[in-house]
Amino acid sequence: METGQWELLSFALGELKTVWCVLDVLTDLTSFAYDVLPPGPVMGWYWSNCKLRCSHDPFLQEVIYFSLWCRGLTLLMQVAFNLLIPDHSADAFSPPRLEPSTSADHIVELLFGGLGRWDAEHFLFVAEHGYVYEHNMAFFPLFPLIIGGLARGPLLPLAGLLRLHSRLLISSAFLNCICSTLAAVSLYLLGCVTLQSRRSAFLAALLFCMSPISIFMTTGYSESLYALTTFTGLWQLQKCRILCGSVFFSLASAARSNGVVNAGFLLYLAMKAVVHRKGNCGQLMKTVYGILLVILPFALFQGFCYVRSCLQSYGTDQIPQELVELAVKKGYRVHKELIPAWCSFSFPLAYSHIQSEYWDVGLLRYFKLQQLPNFLLALPVLILSIATITEYASSNLELCRTLGLYKVHSKHTNGFYGPQVFVYVAHLAALTVFGFLCMHVQVNGFFAII
């Protein structure tokens, strides 16, 4: 065979290895299901193979059951509070329901209606109607695509009983229950590798399950999906599976915009490899491919937004009259209107424009007297984050001074003070500073915890 053919064959084998690695990870994550759910006749072979690979780790079993218990408790609490406490009358996005409702829809609304408020309205709307309004494009497509597929696929037989919006609510609750549980499993496995302590990893996973953001891991947001893909990607990086971890980071970027920040973990690995002279050319190229893979979903989605908003010839779909009337009433921009100003920018990014225009996100923009209550709301997590960063840095001064790139003498080899934790503390510090200065500061609490 010629040299070019050998190179092509080698590349194809490498890609097959990456795909196999991703499937291997998914099997690892779902291997617990044999002990939680009884195998059916169709899935019996799969669960039997998963059982062979299951480590029967008692800590892992407890993480799974505790996570499911927390999700169930959260669902019960949202039902109770949704019935007892009237909804806050906010000027938030609330599109009309275009389909007639049935008695079954009312039951679904009673049980799951609390999961479809605030930003969940955007995700459910995109899953049902697509990106009709400009500000919908702040919400990335992976989560709406999955719940839309579930509602129009496995739940399609219920179409005679439930309208699409109700099926989307059920799909989002089911998906987030599964994703949050698997995210806790991934965090535990990541902790085992990073901290070298099953007990510490177990405690971290339990705290994740019962943290104040628990409701956001259950409601119709993309947080659970993002946490699962990010934790799994980090776990794979810790096991030196660069391309496999990059695939999960890529999924995280398709779920939330801040997923592109995960490219920093790959860049840090490349820097360490260069400093220690351990990385060959092939290893560095894997890292480059991984970084491009992480950025790709963000770039593709911004390209989609540009084509949809800036090219008037795009799209022949008809917008329902009710949605047009809502746009006129609320001042929403639809994709068939005049070309927006951001289309002529040097870097026409829809996301940055939408965050600035609709949510007033930007450097020090939230520093207003009327936002003082929100700063107080974020204060506990900010204090906890700063204390964590300070504690680690004060115990590893030399390690922090060298950015963790060089081996330094330290009495701590594992646990929270171990050198492998440095990159996560740096990540926490960056998110804390950025969230405090540039974001709606009460949201910073979530990012600090994640």
Side-chain angles (χ1 to χ4, degrees), residues 66-99 101-129 135-136 138-156 158-159 161-184 208-229 255-256 442-443 445-446 449-450:
F66 187 74
S67 177
L68 292 173
W69 182 84
C70 288
R71 298 288 75 74
L73 180 61
T74 303
L75 284 172
L76 291 176
M77 290 176 64
Q78 73 86 23
V79 172
F81 289 124
N82 198 34
L83 290 173
L84 297 175
I85 302 176
D87 290 339
H88 172 59
S89 181
D91 187 25
F93 182 63
S94 183
R97 308 289 180 241
L98 304 185
E99 298 177 85
S101 60
T102 65
S103 56
D105 289 314
H106 291 299
I107 295 175
V108 172
E109 184 67 25
L110 177 68
L111 297 177
F112 301 103
L115 304 179
R117 304 290 190 262
W118 298 96
D119 285 359
E121 286 277 21
H122 289 275
F123 286 112
L124 296 171
F125 181 83
V126 170
E128 186 172 359
H129 302 287
H135 64 296
N136 292 145
F139 301 88
F140 277 48
L142 184 59
F143 183 76
L145 281 174
I146 295 176
I147 63 173
L150 291 174
R152 295 180 176 90
L155 296 184
L156 186 59
L158 299 178
L161 293 174
L162 299 173
R163 60 187 179 187
L164 180 57
H165 183 268
S166 297
R167 304 201 306 273
L168 289 170
L169 266 178
I170 296 173
S171 300
S172 65
F174 172 78
L175 177 65
N176 281 338
C177 182
I178 297 300
C179 286
S180 60
T181 299
L182 292 179
F208 171 74
C209 294
M210 60 187 295
S211 68
I213 65 165
S214 183
I215 183 61
F216 296 109
M217 307 300 285
T218 310
T219 191
Y221 284 38
S222 59
E223 271 75 354
S224 291
L225 182 61
Y226 176 78
L228 169 61
T229 50
R256 293 185 65 86
Q442 70 272 22
V443 182
F446 167 74
I449 294 172
I450 290 296

Walk me through it: do C177 and L68 pass the test side chain to side chain contact (heavy atoms under 4.5 Å, CB included)?
CA-CA 7 Å; C177 182; L68 292 173; 4.1 Å; yes

Begin from the C-alpha positions of E223 and N176 and carry the test side chain to side chain contact (heavy atoms under 4.5 Å, CB included) through to its verdict.
CA-CA 8 Å; E223 271 75 354; N176 281 338; over 6 Å; no

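- Without hydrogens or angle criteria, T219 side chain to F216 main chain gives no donor-acceptor distance under 3.5 Å.
- Relative orientation of the F125 and H129 rings is tilted, given thresholds of 30° and 60° on the angle between their planes.
- Distance alone, capped at 3.5 Å, is enough to place a donor-acceptor pair between the R167 side chain and the L162 backbone.
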Apply side chain to side chain contact (heavy atoms under 4.5 Å, CB included) to M77 and T218, showing your working.
CA-CA 11 Å; M77 290 176 64; T218 310; over 6 Å; no

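- For the pair P144 and F139, the minimum side-chain heavy-atom distance is 4.5 Å or more.
- Closest approach of L168 and L124 over heavy atoms only: CD1-O, 3.6 Å.
- Between L142 atom CG and R256 atom CZ the span is 12.0 Å, to the nearest 0.5 Å.
- Aromatic ring centroids of F93 and H135 lie under 6.0 Å apart.
- Atom CD1 of residue I146 and atom CG of residue L175 lie 5.5 Å apart, to the nearest 0.5 angstrom.
- Atoms CD1 and CG, from I170 and L115 in turn, are 11.0 Å apart once rounded to the nearest 0.5 Å.
- Contact detail for R152 and E128: the closest heavy-atom pair is NH2-O, 3.3 Å.
- Once rounded to the nearest 0.5 Å, the distance linking CH2 of W69 with OG1 of T74 reads 8.5 Å.
- Residues S166 and D105 bring a donor and an acceptor atom of their side chains to less than 3.5 Å of each other.
- Counting heavy atoms of neighbouring residues, nucleotides and ligands inside a 6.0 Å radius, atom CZ of F174 does not exceed 12 of them.
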Could you walk me through whether F140 and S222 pass the side chain to side chain contact (heavy atoms under 4.5 Å, CB included) check?
CA-CA 9 Å; F140 277 48; S222 59; over 6 Å; no

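- Summarising the geometry, atom CG belonging to L228 is positioned 5.0 Å from atom SG belonging to C179; distances are rounded to the nearest 0.5 Å.
- Counting only heavy atoms from C-beta outward, the side chains of F208 and M217 approach each other to under 4.5 Å.
- In this structure, S171 and L150 approach most closely via the heavy-atom pair OG-CB, 3.5 Å.
- Looking at Q78 and L73, their side chains never come closer than 4.5 Å, going by heavy atoms from C-beta outward.
- Considering every non-hydrogen atom in both Y221 and A120, the closest pair reads CE1-N, 3.3 Å.
- Among all heavy-atom pairs drawn from R71 and S180, the shortest one is CD-OG, 2.9 Å.
- Among all heavy-atom pairs drawn from C209 and S67, the shortest one is SG-CB, 3.6 Å.
- Contact annotation: the side chain of L169 never approaches that of L111 to less than 4.5 Å [non-hydrogen atoms, C-beta and beyond].
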